[in-house]
Amino acid sequence: MSSDSTPSPSSSSPAELQRRLDQLEARLTRIENYLGLGSEEDAIPAAHLPAPGQDLERSLGQAVFARLGVVLLAMGLLFLLALPHRSLPSWAPGAGGAVLAVLVYGVSQRLRHRHRVLASYFRGGSLLLLWFAMLRLGRFAEQPAIEHPLLLGALLLAVAGANLALAVRWNSPGTAAVSVGLAFASVLLGENTWFVLAGEVVVSCAVAGIIWRKGWEHLLGEAALLLALTHLSWAAGNPLATGRTGWLQTPGSQVVFFLCAVAALGTGGRLGRGRVPAEETAAVVLGVAAADAGGLLVLSALCLARFEEQAVWWNAAAFVMLFGLAIWHWLRHGSRYLTFIHAMAGHLALSAALVWGVRSTEVLVWLGWQSVLVVLCAVWFRSRFVAAGNLIVYLAVVASYLGLAKEVGGISFSLGLAAIVSAEIIERQQQRLQLSGAWMRRIYLGCALVTFPLTLRAMLPGAYVSLSWLGLAVGYYGLSGWLGRSDYRWLAMATVLLAAGRVCLVDLVGVEPTLRVVSFLVVGVALVVISLRYQAKSNRERSDASR
């Protein structure tokens with residue numbers, strides 16, 4: 001029951017065009033009088049000019065009161081239809097409601113020329129009243145005229161679909177928003193499993209088509225929220241229709257229908273190349289994000305409650321669907337934001353599949369190498385957003401391992417190696433990712449600085465840990481010379497300092513005398529050699545500068 005948007009000039013009636021011309025002439029006359037350009041005979045008397053505050057008064061009286069009045073009238077009529085009416089045949093209240101809907105629509109047609117705002121509210125109210133009249137045929141009576149829920153749901157969905165089609169024809173986004181809500185409610189009232197599932201897909205596809213055709217992007221977020229609530233409510237016993245709660249014993253294939261509905265909304269209404277703007281609006285981005293987030297949350301709830309044994313496969317299917325949408329948005333539209341949203345949602349689904357499939361801390365190994373896969377995807381999509389999002393997820397994996405693992409083992413080595421590989425990919429593809437600075441690569445290398453020493457400490461006897469850290473530093477220096485990266489020299493220096501600190505703090509009292517001597521001598525010699533090499537390099541640079 002909201003107002004229609006302003007119709008295009010091509011669809012306006014002659015009377016409407018004449019009214020607009022009169023308004024324009026009146027405004028021009030006011031401007032001329034204000035500037036002193038108009039003649040005396042064209043001047044508008046001061047008594048006819050709007051006084052200060054009249055615009056607000058007119059807005060309240062014309063728009064707000066009209067909407068409030070129509071809402072109250074509609075609620076009164078709905079309550080009237082909901083009464084038992086035991087003295088009447090079961091079909092009479094519904095038929096009477098349909099007649100009332102036709103009458104209200106007739107009033108809107110009579111008012112459409114002189115009271116356009118009020119007429120639009122009456123027109124939207126007539127559609128809502130018609131849907132409720134059809135609902136009255138199967139509800140609110142001891143012996144309803146339509147006893148089969150599937151037949152009632154089909155009738156209600158047909159009425160909601162007709163309302164949606166009329167909203168498109170009338171160019172009324174507000175009426176369309178109400179009709180989408182009625183359509184999802186109709187789906188639930190059908191109660192039948194396959195009707196609910198197919199109805200979710202049909203309504204979602206219809207919303208995507210309307211957004212593509214009319215550009216009413218606000219429908220996307222509403223449909224995403226209603227789809228998640230509809231499916232979750234149905235799976236939890238459909239209390240809206242049955243009044244009962246409790247998870248339904250339904251086949252797992254229902255997840256396929258739900259994912260198809262999410263995929264329809266995940267297109268963001270971007271079904272044709274010519275209608276896609278250069279950048280997505282906030283409504284589209286938030287709507288697609290809501291569709292993906294709602295889909296993953298509902299899928300998680302279903303897996304926890306009903307499909308624990310098939311959770312791996314359903315989350316893997318969600319990954320394929322979401323990542324496919326990311327590829328489609330990138331290849332067809334070059335969309336940065338929607339590609340980012342779908343890619344990250346898809347990898348979250350893949351992470352969930354790994355967690356369900358590997359019920360131990362070893363899943364962190366898979367999650368660590370999945371982050372490398374995400375970095376490669378970020379390079380393909382040229383998306384620094386995907387790369388940054390993956391870094392956050394990787395840091396969460398490392399923090400979870402260090403915080404939850406009872407003892408650090410070989411898993412930390414795998415996480416460190418994944419960090420090195422990710423850092424190298426980012427370094428080599430920095431221009432493609434449009435990254436300025438090396439902060440992301442250095443964070444990955446910082447993780448390697450932590451995980452590799454922890455791995456060596458866990459895997460080797462305590463007497464050999466300091467020496468192994470020194471060997472790790474030598475490996476870093478080798479990588480620096482091979483790849484020409486100064487970052488690895490910093491890693492080597494930091495690791496040498498760690499080794500020196502352990503020698504002074506731990507090996508001094510915790511190691512047998514022979515190994516203690518070896519540790520001090522080896523680490524000390526290493527520090528002196530490193531210093532001599534840096535000194536020789538500095539002397540060469542000064543010698544070259546003096547020539």
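All values below come from the heavy atoms of this structure, side chains included, with hydrogens, waters and symmetry mates left out.
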Tell me the closest heavy-atom pair linking Ala176 and Leu164, and the distance in Å.
O-CD1, 3.6 Å
Decide yes or no for Trp216 and Asn171: does some side-chain heavy atom of the first lie under 4.5 Å from some side-chain heavy atom of the second?
yes
Can you sort out the partners of Val196 under side chain to side chain contact (heavy atoms under 4.5 Å, CB included), two or more places apart, ordered by chain and number?
Val187, Glu200, Trp234
Residue pair His342 / Tyr337, side-chain heavy-atom distance below 4.5 Å
no
Quick one: does His329's side chain have a donor or acceptor within less than 3.5 Å of a partner on Gly266's backbone?
yes
Evaluate Leu156 against Val159 for side chain to side chain contact (heavy atoms under 4.5 Å, CB included), listing each step before the verdict.
CA-CA 5 Å; Leu156 293 175; Val159 173; 5.7 Å; no
Just verifying a value: how many Å separate Cys303 SG and Trp314 CH2, rounded to the nearest 0.5 Å?
9.5 Å
Do Leu391 and Trp439 have side-chain heavy atoms sitting under 4.5 Å apart?
yes
When rounded to the nearest 0.5 angstrom, what is the spacing between CZ in Arg136 and CG in Leu129?
13.0 Å
Using every non-hydrogen atom in the two residues, find where Gln370 and Ser351 come nearest and quote the distance to one decimal.
OE1-OG, 2.9 Å
Determine whether Asn192 and Pro149 make a side-chain contact, defined as any pair of heavy atoms from C-beta on separated by less than 4.5 Å.
no
Can you find a heavy atom in the side chain of Cys377 that is under 4.5 Å from one in the side chain of Phe323?
yes
Indicate yes or no for a side-chain donor-acceptor contact from Asn315 to the backbone of Ala311 under 3.5 Å, with no hydrogens or angles considered.
yes
Any side-chain heavy-atom pair of Val393 and Ser371 under 4.5 Å:
no
Let's go through Trp212 and Thr267 carefully: what are the C-alpha distance in whole Å and the side-chain angles of both, what is the deciding distance for side-chain hydrogen bond (donor to acceptor under 3.5 Å, both in side chains) to 0.1 Å, and is it a yes or a no?
CA-CA 10 Å; Trp212 170 71; Thr267 64; over 6 Å; no
May I have the step-by-step check of side chain to side chain contact (heavy atoms under 4.5 Å, CB included) for Gln254 and Thr193, ending in yes or no?
CA-CA 8 Å; Gln254 51 128 331; Thr193 296; 5.5 Å; no
If you look at every heavy atom in Leu220 and Gly268, which pair is closest and at what distance?
CD2-CA, 3.9 Å
Looking at Glu217 and Ile211, would you say the former's side chain and the latter's main chain have a donor-acceptor pair under 3.5 Å?
no
Might you work through the side chain to side chain contact (heavy atoms under 4.5 Å, CB included) test for Trp170 and Leu127, ending with a clear yes or no?
CA-CA 12 Å; Trp170 295 336; Leu127 299 183; 3.6 Å; yes
With sequence neighbours excluded, give me every salt bridge (Lys or Arg N to Asp or Glu O under 4.0 Å) pair touching residues 174-194.
Arg139-Glu191
One should read off an interatomic distance between Leu259 CG and Leu322 CG, to the nearest 0.5 angstrom, of 7.5 Å
Is the shortest heavy-atom distance from the side chain of Leu166 to the side chain of Thr175 under 4.5 Å?
no
Can you find a pair of side-chain heavy atoms, one from Trp380 and one from Ile327, that are under 4.5 Å apart?
yes
Which value, rounded to the nearest 0.5 Å, describes the distance between Ile341 atom CD1 and Ser335 atom OG?
8.0 Å
Which distance, rounded to the nearest 0.5 Å, do you find between the CG of Leu367 and the OH of Tyr394?
11.5 Å
Starting from the C-alpha separation in whole Å, work towards a yes-or-no answer on side chain to side chain contact (heavy atoms under 4.5 Å, CB included) for Leu157 and Val203.
CA-CA 9 Å; Leu157 186 59; Val203 176; 4.1 Å; yes
I want to know whether Trp194 and Phe257 have ring centres closer than 6.0 Å.
yes
Residues two or more places apart in sequence or in another chain: which of them pass salt bridge (Lys or Arg N to Asp or Glu O under 4.0 Å) with Glu308?
Arg359
Do Ser186 and Trp131 get their side chains close enough for a donor-acceptor pair, meaning under 3.5 Å?
yes
Quick one: pull up CG in Leu350 and CG in Leu373 and give me the separation to the nearest 0.5 Å.
7.5 Å
Please check this pair: side chain of Thr339 against backbone of Arg336, looking for a donor-acceptor N/O pair closer than 3.5 Å.
no
Please answer whether the main-chain N or O of Ser179 pairs with a side-chain N or O of Asn163 as donor and acceptor at a distance below 3.5 Å.
no
Non-hydrogen atoms of Arg270 and Trp328 that approach each other most closely:
O-CH2, 2.6 Å
